Amino acid sequence: WGTSLHEVVQALRPTYYRNVRVAQTLGSLGSKLPRIDNHLITRSLADRVGGTPYYLPAPMIVENEVVRLSLLQDPQVRETLEIGRHSDIALTGIGTAEPDLAGVYRAGYIDEETLAEIRSMGAVGDIRVGFYNRAGELLDVPVSRRVIGLSRDDLRTVASSIAVAGGVRKAEAILGALRSGVLHVLVTDEDTAREVLRLDDEDQEHNKVDEPSLIDAVG
């Protein structure tokens, strides 16, 4: 979900493909941010590729873990998520933990105090409301346990996982996302890519991460 994915779908040239399924793999925002909501992006993408949309009839974040477990037993929810897990391609955005950019905060799912607590845990960004630190390590954030949809780590089962994110202020979040190892492709702008590489070099120089540089990792 999000502005970047909305723009990607809008930019696609309508083309008909045979036997394409488009699965919504994160619950809906409702009316909080309607233009960039998941089910609308799913429908638009399906229309542009001549595919069949599969919707997730549930909120993105529910009240508690008991409600989440109950909704995950729904046949339509199970079917859609299973299609998502076995997709050829997954499209995802990358969120940040900055108040004016954080999607879950802007959508009203968490308040400013909760976001501050998440940031104090070392969070720099999120993929599918799975918050992680600059090293790409997933953090145990309570709100993440109430999400209806595929998790960040579920992307490991997808043949080609594509993230779309841009803007220099997202560089730290993108760096953490790349270090997580769940992405195959990143689509971003040149300035942001250069800043991501600069931050990576900075960490290598100060021994903040015990892993190869991004350039070494991707060849």
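Note that the structure is predicted; figures quoted are calculated from it, not measured.
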Checklist entry - V187, I89: one ILVMFWY side-chain cluster at the under-4.5 Å cut-off? => result yes
Next on the checklist: Measuring from atom CZ of R156 to atom NE2 of H184, what distance do you get when rounded to the nearest 0.5 angstrom?
Outcome noted: 9.5 Å
Next on the checklist: Once rounded to the nearest 0.5 Å, what's the spacing between atom OG1 of T25 and atom CG of L81?
Outcome noted: 7.5 Å
Checklist outcome for this item: Between D154 and T157, the two heavy atoms sitting closest are O-OG1, 2.8 Å
Checklist entry - What distance do I41 atom CD1 and L45 atom CG have between them, rounded to the nearest 0.5 Å? => result 9.5 Å
Next on the checklist: For R13, is there any backbone N or O sitting under 3.5 Å from a side-chain donor or acceptor partner on T15?
Outcome noted: yes
Checklist entry - Is there a side-chain contact between T42 and L56 (heavy atoms, below 4.5 Å)? => result no
Checklist entry - Quick one: does T114's side chain get under 4.5 Å of V143's, heavy atoms only? => result no
Item to check | Flag side-chain contact, heavy atom, 4.5 Å: E117 against M121 | outcome: no
Item to check | Side chain R146, main chain V62, donor-acceptor under 3.5 Å | outcome: yes
Next on the checklist: Quick check on side chain to side chain contact (heavy atoms under 4.5 Å, CB included): which of E205, Q204, H206 does E202 satisfy it with?
Outcome noted: H206
Checklist entry - For L5 and G93, which heavy atoms make the closest approach, and how far apart are they? => result CD1-N, 4.0 Å
Next on the checklist: Within the 4.5 Å heavy-atom criterion, are S44 and L12 side-chain neighbours or not?
Outcome noted: no
Checklist entry - Does any N or O in the side chain of N38 come within less than 3.5 Å of the main-chain N or O of L26, such that one atom is a donor and the other an acceptor? => result yes
Item to check | Test item: K170 side-chain N/O and I94 main-chain N/O as donor-acceptor pair under 3.5 Å | outcome: yes
Next on the checklist: Once side-chain contact (heavy atoms from CB on, under 4.5 Å) is applied, do any residues pair with V124, and if so which ones, sequence neighbours excluded?
Outcome noted: Y132, R134, E172
Checklist entry - So do V77 and L72 actually touch side chain to side chain, heavy atoms under 4.5 Å? => result yes
Next on the checklist: Under 4.5 Å between side-chain heavy atoms, counting indirect links through other Ile/Leu/Val/Met/Phe/Trp/Tyr residues: same cluster for I61 and L101 or not?
Outcome noted: no
Checklist entry - Shared ILVMFWY cluster between L186 and V168, side chains joined below 4.5 angstrom? => result no
Checklist entry - Are V185 and I174 connected in the hydrophobic side-chain network, where two residues link if heavy atoms are under 4.5 Å apart? => result no
Next on the checklist: Check this for me: does any side-chain nitrogen of one of R145 and D140 sit under 4.0 Å from a carboxylate oxygen of the other?
Outcome noted: yes
Item to check | V104 side chain reached by F131 side chain, heavy atoms, under 4.5 Å | outcome: yes
Checklist entry - If you take all heavy atoms of Y55 and H39, which pair is closest and at what distance? => result CE2-O, 3.5 Å
Checklist entry - For R169 and T96, what are the C-alpha separation, side-chain angles and deciding distance, and is it a side chain to side chain contact (heavy atoms under 4.5 Å, CB included)? => result CA-CA 9 Å; R169 290 186 60 197; T96 80; over 6 Å; no
Checklist entry - If you measure from the Lys or Arg side-chain nitrogens to the Asp or Glu carboxylate oxygens, is any gap between E82 and R85 under 4.0 Å? => result yes
Checklist entry - Minimum heavy-atom separation for A177 to S180, with atom names? => result O-OG, 2.5 Å
Checklist entry - So, does D88 use its side chain to make a donor-acceptor pair with the main chain of S160 at under 3.5 Å? => result no
Next on the checklist: Give me the atom names and distance for the closest heavy-atom approach of V158 to G84.
Outcome noted: CG2-O, 3.7 Å
Checklist entry - Has the side chain of R128 got a donor or acceptor atom that lies under 3.5 Å from a matching backbone atom of S151? => result no
Checklist entry - Can L199 and D203 be said to form a side chain to side chain contact (heavy atoms under 4.5 Å, CB included), step by step? => result CA-CA 6 Å; L199 292 175; D203 286 354; 5.6 Å; no
Next on the checklist: How long is the straight-line distance from OG of S144 back to CD1 of I127, given to the nearest 0.5 Å?
Outcome noted: 12.0 Å
Item to check | Test side chain to side chain contact (heavy atoms under 4.5 Å, CB included) applied to V67 and N64, step by step | outcome: CA-CA 6 Å; V67 173; N64 55 57; 3.3 Å; yes
Next on the checklist: Any side-chain to backbone donor/acceptor pair from T188 onto A165? Under 3.5 Å, distance only.
Outcome noted: yes
Checklist entry - Where do G125 and A173 come nearest, in terms of heavy atoms and distance? => result CA-CB, 3.9 Å
Checklist entry - Just by distance, do the side chain of S70 and the backbone of V66 share a donor-acceptor pair under 3.5 Å? => result no
Next on the checklist: Measuring only between side-chain heavy atoms, which start at C-beta, is V196 closer than 4.5 Å to D200?
Outcome noted: no
Checklist entry - So, E98 and R119, do they make that salt bridge, N to O below 4.0 Å? => result yes
Item to check | Heavy atoms of other groups near R198 CZ, more than 12 under 6.0 Å | outcome: yes
Checklist entry - Okay, side chain of R68, backbone of V147: is any donor-acceptor separation there less than 3.5 Å? => result yes
Next on the checklist: Please report the interatomic distance CG(L115) to CZ(R106), rounded to the nearest 0.5 Å.
Outcome noted: 12.5 Å
Next on the checklist: Is there a side-chain contact between I118 and D126 in this structure, where contact means two heavy atoms from C-beta onward sitting under 4.5 Å apart?
Outcome noted: no
Next on the checklist: Distance check, rounded to the nearest 0.5 Å: Y54 atom OH versus I83 atom CD1?
Outcome noted: 5.0 Å
Item to check | Same apolar cluster (I L V M F W Y, side chains within < 4.5 Å links), V22/Y17 | outcome: yes
